[in-house]
Number of protein chains: 2
Amino acid sequence: MKKKSFAEAECPIARALDVVGDWWSLQIVRDALRGVRRFTDFAQGLGVAKNILADRLKRLVGAGILQVVPASDGSAYNEYVLTAKGRDLWVLLVALRQWSDRWIPGANEYGQVLVDAQNGEPVAPLELHASDGRKLDLTDLRLVASASTRAKSA
Amino acid sequence: MKKKSFAEAECPIARALDVVGDWWSLQIVRDALRGVRRFTDFAQGLGVAKNILADRLKRLVGAGILQVVPASDGSAYNEYVLTAKGRDLWVLLVALRQWSDRWIPGANEYGQVLVDAQNGEPVAPLELHASDGRKLDLTDLRLVASASTRAKSA
DNA sequence: CCGTATCCATTCCGATACTG
DNA sequence: CAGTATCGGAATGGATACGG
């Protein structure tokens, strides 16, 4: 049977996973955020087979996360740069990195740390705040139908 | 050839993806955060085949994200509850949801919204702050070798 | 109700070869 | 360098059947 697609799923998390919920896509975005633009540079940095990389690049372009632009150095090939939608995934990658650093022992052998470019100090953990600025925890959250939905059903 | 594992990868993002970088794992965690504990409830909520659900549950238990506990109702079966490591993935799921709501049109047809339980107001976007409290953007970030690594190489 | 086991189709992935 | 094409093995996923 064919693999189920979450593109029609009702849950926004499932929809997002349909686009970036595989082993390679987020790593490609991670490298793109570091400035990688060329096919071969992605391939070498990731250690991924070229056919798979080609497939994922097409998929990410189709999802509006990457954009194909003419080569900056005048060569005849493509470069892949993040769109605003793609760049906005940086929050997700920071969340992944912070979770990994906290919970996967030895995951950060090379000791890479995200720092504030202004003063070189490590960044704080991601925080979720309420509309009034209070810091929220998991236990403070609830998932409800939005105003528009409630209005529609009323 | 066998599928490559990122368990030995040097990048913490790759390490994390090795655990939760597939189509189902984060959805299982999402449902677990909502209180789902039983095999059949996961299966129905996700629409996933039972064999792969069993596989993913084992994998998540092995990764220390879920924990098997005796059934709370006295029946002879297992329940799957999140560990602290698993609960801590809530930040990642919030990041996914917010990105999806922002960038995937129509992803939230049912209009579910994360709200502050205290006042019912929608939560603010996740924020990353510097050690001095300044709010940071993607352009403010740099990735450097940590202090311990620098000390070691000195 | 809770899984495990099996069958089968599809997909994924890596290696390699090939084109321009 | 930048891909495309193809092949084979492994993993994924769905359906169903089976046992506790």
Side-chain angles (χ1 to χ4, degrees), chain A residues 1-9 11 14 17-28 31-32 35-63 66-81, chain B residues 1-9 14 17-29 31-32 35-63 66-81:
Chain A
M1 299 296 171
K2 202 180 150 203
K3 159 111 133 248
K4 183 180 303 187
S5 163
F6 296 132
E8 312 300 329
C11 174
L17 287 174
D18 190 57
V19 184
V20 297
D22 73 285
W23 279 318
W24 295 114
S25 295
L26 284 178
Q27 297 199 71
I28 291 172
D31 284 356
V36 176
R37 309 166 67 118
R38 302 289 281 251
F39 188 92
T40 304
D41 294 332
F42 282 115
Q44 288 184 342
L46 294 170
V48 60
K50 292 197 286 182
N51 50 354
I52 306 289
L53 175 59
D55 176 84
R56 289 303 188 282
L57 288 174
K58 273 177 195 148
R59 185 195 271 261
L60 288 171
V61 169
L66 287 177
Q67 197 177 356
V68 178
V69 301
S72 51
D73 61 354
S75 66
Y77 304 110
N78 291 330
E79 298 193 349
Y80 302 88
V81 298
Chain B
M1 298 293 175
K2 204 181 148 203
K3 159 110 129 255
K4 181 179 305 186
S5 164
F6 296 133
E8 312 300 330
L17 287 174
D18 191 57
V19 184
V20 297
D22 73 283
W23 304 88
W24 295 114
S25 295
L26 283 178
Q27 295 199 71
I28 292 173
V29 172
D31 285 357
V36 175
R37 309 166 65 116
R38 302 291 279 252
F39 188 93
T40 305
D41 294 332
F42 283 114
Q44 288 185 342
L46 294 171
V48 61
K50 292 197 285 182
N51 50 356
I52 72 124
L53 175 60
D55 176 84
R56 290 302 190 282
L57 288 174
K58 274 178 195 148
R59 184 193 273 261
L60 289 170
V61 170
L66 287 176
Q67 198 176 355
V68 177
V69 301
S72 50
D73 61 355
S75 66
Y77 305 108
N78 291 330
E79 298 193 348
Y80 302 88
V81 299

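Numbered from 1 within each chain, the chains take letters A, B, ... in sequence-line order. Values below: every heavy atom of this structure, side chains too, minus hydrogens, waters and symmetry copies.
Considering only side-chain N and O atoms, B/Y80 lies nowhere under 4.0 angstrom from the phosphate OP1 or OP2 of C/dC2. Regarding contacts with the backbone of D/dA17, every side-chain N or O of B/K50 stays at 4.0 angstrom or more from both OP1 and OP2. Put simply, B/R38 has no side-chain N or O that comes within less than 4.0 Å of OP1 or OP2 on C/dG3. Note on A/Y77: every side-chain N or O is 4.0 Å or more away from OP1 and OP2 of D/dT4. Within the 4.0 Å cut-off from OP1 or OP2 of D/dC1, not a single side-chain nitrogen or oxygen of A/R37 is found. Between A/W24 and C/dC13 there is a side-chain N or O to OP1 or OP2 distance below 4.0 Å.
A donor-acceptor contact under 3.5 Å is not formed by the side chain of B/N51 with the base of D/dT12.
In the set C/dC13, C/dC2, D/dT12, the nucleotide with an atom closest to the side chain of B/F39 is C/dC2. Side-chain proximity of B/A49 to D/dG14, D/dT12, C/dC13: nearest is D/dG14.
A/L46 pairs in a side-chain contact (heavy atoms from CB on, under 4.5 Å) with only one of the listed residues (A/I28, A/D41, A/V36, A/I52), which is A/I28.
The line from CG of A/L57 to CH2 of A/W24 is 12.0 Å long, rounded to the nearest 0.5 Å. With values rounded to the nearest 0.5 angstrom, B/Y77 atom OH is found 9.5 Å from B/T40 atom OG1.
As rounded to whole Å, 15 Å separates atom C1' of C/dC13 from atom CG of A/L57. In this structure, the CG atom of B/N78 is 12 Å from the C1' atom of C/dC1, given to the nearest Å.
The pair A/D22-A/R56 counts as a salt bridge, with a side-chain nitrogen and a carboxylate oxygen less than 4.0 angstrom apart.
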